[in-house]
Every structure is written in C-alpha cells, then in structure tokens.
Amino acid sequence: MSRLQVVSGKGGTGKTTVAAALALALATEGKRTLLVEVEGRQGIAQLFETEALPYEERKIAVAPGGGEVYALAIDPELALLDYLQMFYKLGGAGRALKKLGAIDFATTVAPGIRDVLLTGKACEAVRRKDKSGKFAYDYVVMDAPPTGRVTRFLNVNDEVAGLAKIGPIHNQAQAVMRVLKSPETAVHLVTLLEEMPVQETADGIAELRAARLPVGRVIVNMVRPQVLDAADLELVRTVGRSSVAQALSAAGLGGARRGGHAEKLVDPLLRQASEYAERYALEQEQRAVLGELDLPLGELPLLPEGVDLAGLYELATELRKQGLS
C-alpha cells in the first residue's frame with residue numbers, strides 16, 4: 001500500500017469526502033494518518049465537524065481499533081517561511097519578509113512556487129521519522145486539486161528542478177519528485193457515473209500516465225442502489241397500462257376502472273420506472289467506459305441523508321471492505 005495517497009476528481013464528485021473517508025480507513029487498527037488539505041477551503045474541518053484547521057498538524061478523529069487521523073491545512077506563505085528557515089536559516093529575516101509582503105508576492109507571482117511548497121510539505125510528512133527511526137505517519141492522504149489541474153500540480157517540481165540546475169531548490173524539487181513518481185505514491189481519481197465526470201477522469205488518467213505519475217484506482221462515488229433487476233427492466237419496456245392497473249388493484253390500491261385510484265397511479269409509476277431504466281442504461285454505459293481504463297474500480301454508495309460524521313465512518317468501512325486500505 002502506497003504511503004502517499006493523492007485523491008483528485010472533477011468538482012462536485014465528492015473528492016474531499018472520499019479523501020477524508022480514506023484517511024479514516026487507513027488509520028484503522030492503530031495506524032496514524034495525516035490528511036492534508038491544499039486548496040484552503042477548510043472542507044476537511046467541515047466534514048469532521050471541527051473548527052477551522054490551522055497551519056499545524058492536529059488530531060481530528062480516532063479510527064476503529066485506536067488509530068488516529070491528523071489533519072493539516074497547508075498555508076503557502078507559512079510553508080515558504082518553513083522552507084526559508086530549513087534551507088537558508090533566515091529566522092527573523094523571514095518573518096520580516098512576510099511583513100513586507102514579499103512572501104505573499106512570491107507565492108502569488110512566482111510561477112509554480114505555490115504548488116512546489118504544497119507538494120513539498122506533503123512529501124516532507126511522508127519522509128519524516130521520529131527519533132527511533134519510525135515514520136511519523138503510516139500514511140499521508142492529500143485532498144488534491146481537481147482532475148483538470150492535478151497533473152500539473154504534482155509535476156511542478158520536475159519543472160522547477162529543470163530550471164534550477166543546482167542548489168537547495170533543485171535538490172528539494174528532486175527529492176519531492178522521487179516520492180511522487182515512486183511506488184510510495186498512488187493518485188486516485190473520484191468520479192460519478194455521469195458522462196462529463198467519466199470523460200474528465202479518462203483524460204486525467206491519460207495526463208497522469210504521460211507524466212509518469214503513478215495512478216492508483218478510480219473510485220465511483222454516490223452510487224445509487226440497484227432497485228430493478230434485468231427481468232424488472234424488461235417488464236418496464238413491455239408491460240401495458242392495464243396490466244399495471246390490475247396489479248395495483250389486486251394489491252388493494254383501488255379499482256382498476258378508469259378514473260379509479262389504481263388507474264391514477266399507473267402513469268406516475270410507469271414514468272418513474274422509465275426514468276430509472278434510462279438512468280440505469282446510461283450508468284452502465286459509463287461503467288463500460290471506466291472498465292476500459294484498465295484500473296481497479298471502487299464504489300461508494302450515495303448516502304440519502306448526506307455525509308455527516310457518522311456517514312464518513314460508514315464510507316470508511318466500505319473502503320476497507322473493498323481493499324482500499
């Protein structure tokens with residue numbers, strides 16, 4: 001199992017929810033997981049029903065079996081101060097630069113520097129060890145940018161290493177890319193069984209593979225339960241209105257005569273069944289497209305009541321059942 005698990009997906013597919021559930025799943029049975037947010041949206045804090053995350057690693061949940069989930073919202077400005085202190089020992093000078101606005105200028109204007117800092121901080125957590133030589137975290141899960149930006153985001157250190165041929169910046173970029181392009185990393189893409197998310201997922205996988213970044217699996221989120229089997233779907237296509245009315249009448253839902261209660265139920269029921277059959281056929285088409293990507297597939301159910309903390313644990317359990325942890 002890769003120690004850095006990167007989760008991306010088209011906007012609206014629930015990638016932050018999946019990342020949070022994956023962190024919980026990986027922390028089960030006494031493991032320690034760090035869940036990293038890089039977009040500044042505080043989505044992780046909302047899911048775990050806690051206050052906004054600061055720029056520090058904070059325990060936010062306990063997994064089944066006593067494992068722990070820590071979370072970190074990376075602030076690019078503060079990450080740059082860390083970087084300046086780590087490699088240049090600037091200390092108070094770095095804080096002075098922040099007051100002058102130089103840090104904000106660097107992270108806003110300098111091409112790619114923001115993404116370098118974000119990926120670098122996550123990879124530092126992957127490599128970090130305690131005094132006994134044990135890894136500080138068993139796993140690091142990154143809630144990454146959406147599919148359309150994730151390849152450039154992860155690959156930015158390659159560009160920086162090419163621009164800075166020597167020195168600490170070059171060395172740091174190289175070290176980060178050694179993690180991101182190794183078996184230590186797996187990039188998972190979250191999708192829905194809809195045409196646009198599936199197409200963006202396929203495009204994203206092609207980009208990741210072209211950049212030689214390790215693709216993990218596709219996770220289909222918010223999957224609706226199957227209500228009708230193949231025989232039922234065939235009935236939807238062939239059954240007549242009168243047969244449905246008679247069946248409803250036999251079930252005690254009113255007479256089948258015209259204008260009766262059962263008769264009034266026929267059209268809404270047939271319309272609902274037809275809509276389900278159409279949606280099911282479209283979903284099967286998208287499943288076939290995903291099957292051609294030659295990647296493991298995971299599925300998470302749609303939670304009718306929405307995703308609260310209890311729902312997050314439910315999704316984590318489902319991920320463990322499917323071998324995603």
Side-chain angles (χ1 to χ4, degrees), residues 1-9 12-74 118 121-123 125-126 128 134-146 150 184-192 216-223 296-325:
M1 175 67 66
S2 301
R3 296 189 57 250
L4 175 58
Q5 305 271 318
V6 179
V7 180
S8 181
T13 59
K15 70 177 180 65
T16 299
T17 298
V18 173
L22 181 59
L24 270 174
L26 290 167
T28 304
E29 306 304 334
K31 303 292 185 182
R32 281 167 56 94
T33 301
L34 177 65
L35 178 57
V36 176
E37 182 174 80
V38 299
E39 294 186 282
R41 295 185 296 107
Q42 291 293 336
I44 291 171
Q46 294 173 32
L47 282 169
F48 284 94
E49 301 174 6
T50 186
E51 60 187 20
L53 298 173
Y55 181 58
E56 64 181 41
E57 293 159 22
R58 172 181 292 180
K59 186 166 76 171
I60 59 170
V62 176
E68 298 175 329
V69 176
Y70 287 73
L72 171 65
I74 303 178
L118 296 172
K121 186 66 177 177
C123 288
V126 172
R128 191 191 315 156
K134 181 181 177 182
F135 284 116
Y137 295 102
D138 296 289
Y139 300 101
V140 175
V141 178
M142 181 194 292
D143 178 20
V150 71
E184 279 192 284
T185 299
V187 185
H188 308 299
L189 295 186
V190 181
T191 188
L192 306 177
R217 65 176 65 206
V218 175
I219 302 172
V220 183
N221 195 23
M222 293 186 266
V223 177
L297 290 178
E299 291 195 2
L300 290 175
L302 173 68
L303 301 181
E305 302 301 320
V307 182
D308 56 10
L309 194 53
L312 209 54
Y313 278 86
E314 181 181 337
L315 294 177
T317 300
E318 188 62 33
L319 287 172
R320 285 187 59 79
K321 288 179 182 177
Q322 297 183 34
L324 272 82
S325 65

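When a residue number appears, it is its place in the shown sequence, counting from 1.
- Scanning all heavy atoms of the two residues, the minimum distance from A73 to Y55 falls at O-CD1, 3.6 Å.
- For the atom pair Y70 OH and T33 OG1, the distance stands at 11.0 Å (nearest 0.5 Å).
- For the pair L302 and P304, the tightest heavy-atom approach, listed with the atom from each and the gap, is O-CD, 3.3 Å.
- Here the side chains of V36 and L118 are not in contact, with every heavy-atom distance at 4.5 Å or above.
- For E37, there are no side-chain hydrogen bond (donor to acceptor under 3.5 Å, both in side chains) partners, not counting sequence neighbours.
- Counting only distance, with no hydrogens or angles, the side chain of D138 and the backbone of R32 share a donor-acceptor pair below 3.5 Å.
- The shortest non-hydrogen separation linking L72 to P54 is CD1-O, 4.3 Å.
- The nearest pair of heavy atoms linking A122 to V140 is O-CG1, 4.3 Å.
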L300 and L319: CA distance, side-chain angles, deciding distance, side-chain contact (heavy atoms from CB on, under 4.5 Å) verdict: CA-CA 8 Å; L300 290 175; L319 287 172; 3.9 Å; yes
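- Two residues are said to be in side-chain contact when any heavy atoms from C-beta on lie closer than 4.5 Å; T17 and L47 meet this criterion.
- Rounding to the nearest 0.5 angstrom, the gap separating the CD atom in E299 from the CD1 atom in I219 is 11.0 Å.
- Side chain of H188 to main chain of R217: a donor-acceptor pair is present (N/O by atom type, distance under 3.5 Å, no hydrogens or angles).
- Within the 4.5 Å cutoff, the side chain of P146 has heavy atoms near those of the E39 side chain.
- A donor atom on one side chain and an acceptor atom on the other are found under 3.5 Å apart for R41 and T16.
- Although no hydrogens or angles enter the test, the distance criterion places a donor-acceptor pair under 3.5 Å between the side chain of S8 and the main chain of P145.
- For the pair Q5 (side chain) and Y139 (backbone), a donor-acceptor distance under 3.5 Å is absent.
- Considering CE of M142 and CG of L34, their distance stands at 10.0 Å, rounded to 0.5 Å.
- Other residues, nucleotides and ligands contribute more than 12 heavy atoms inside 6.0 Å of the NZ atom of K121.
- Side-chain atoms of N221 do not come within 3.5 Å of backbone N or O of V190 as any donor-acceptor pair.
- Scanning both residues, A71 and I60, for their nearest heavy atoms gives CB-CD1, 3.5 Å.
- For the residue pair Q46 / Q42, no side-chain donor-acceptor distance below 3.5 Å is found, with atom types taken as modelled.
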Residues L4, E184; criterion side-chain contact (heavy atoms from CB on, under 4.5 Å); working and verdict: CA-CA 6 Å; L4 175 58; E184 279 192 284; 5.6 Å; no
Candidate pair K31 and L26, rule side-chain contact (heavy atoms from CB on, under 4.5 Å), full reasoning: CA-CA 7 Å; K31 303 292 185 182; L26 290 167; over 6 Å; no
Salt bridge (Lys or Arg N to Asp or Glu O under 4.0 Å) assessment of E51 paired with R58: CA-CA 11 Å; E51 60 187 20; R58 172 181 292 180; 2.9 Å; yes
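- A pairwise comparison of heavy atoms in A19 and V141 identifies O-CG1, 3.6 Å as the closest pair.
- Using a distance-only test at 3.5 Å, with no hydrogens or angles considered, a donor-acceptor pair links the side chain of K15 to the main chain of A144.
- With sequence neighbours excluded, no residue satisfies ring-ring contact (aromatic ring centres under 6.0 Å, His included) with F48.
- In this structure, NZ in K59 is found 12.5 Å from OG1 in T50, a value given to the nearest 0.5 Å.
- In this structure, CG on L24 lies 9.0 Å from OG1 on T317, to the nearest 0.5 angstrom.
- Side chains of R128 and Y137: a donor-acceptor N/O pair is absent below 3.5 angstrom, by distance only.
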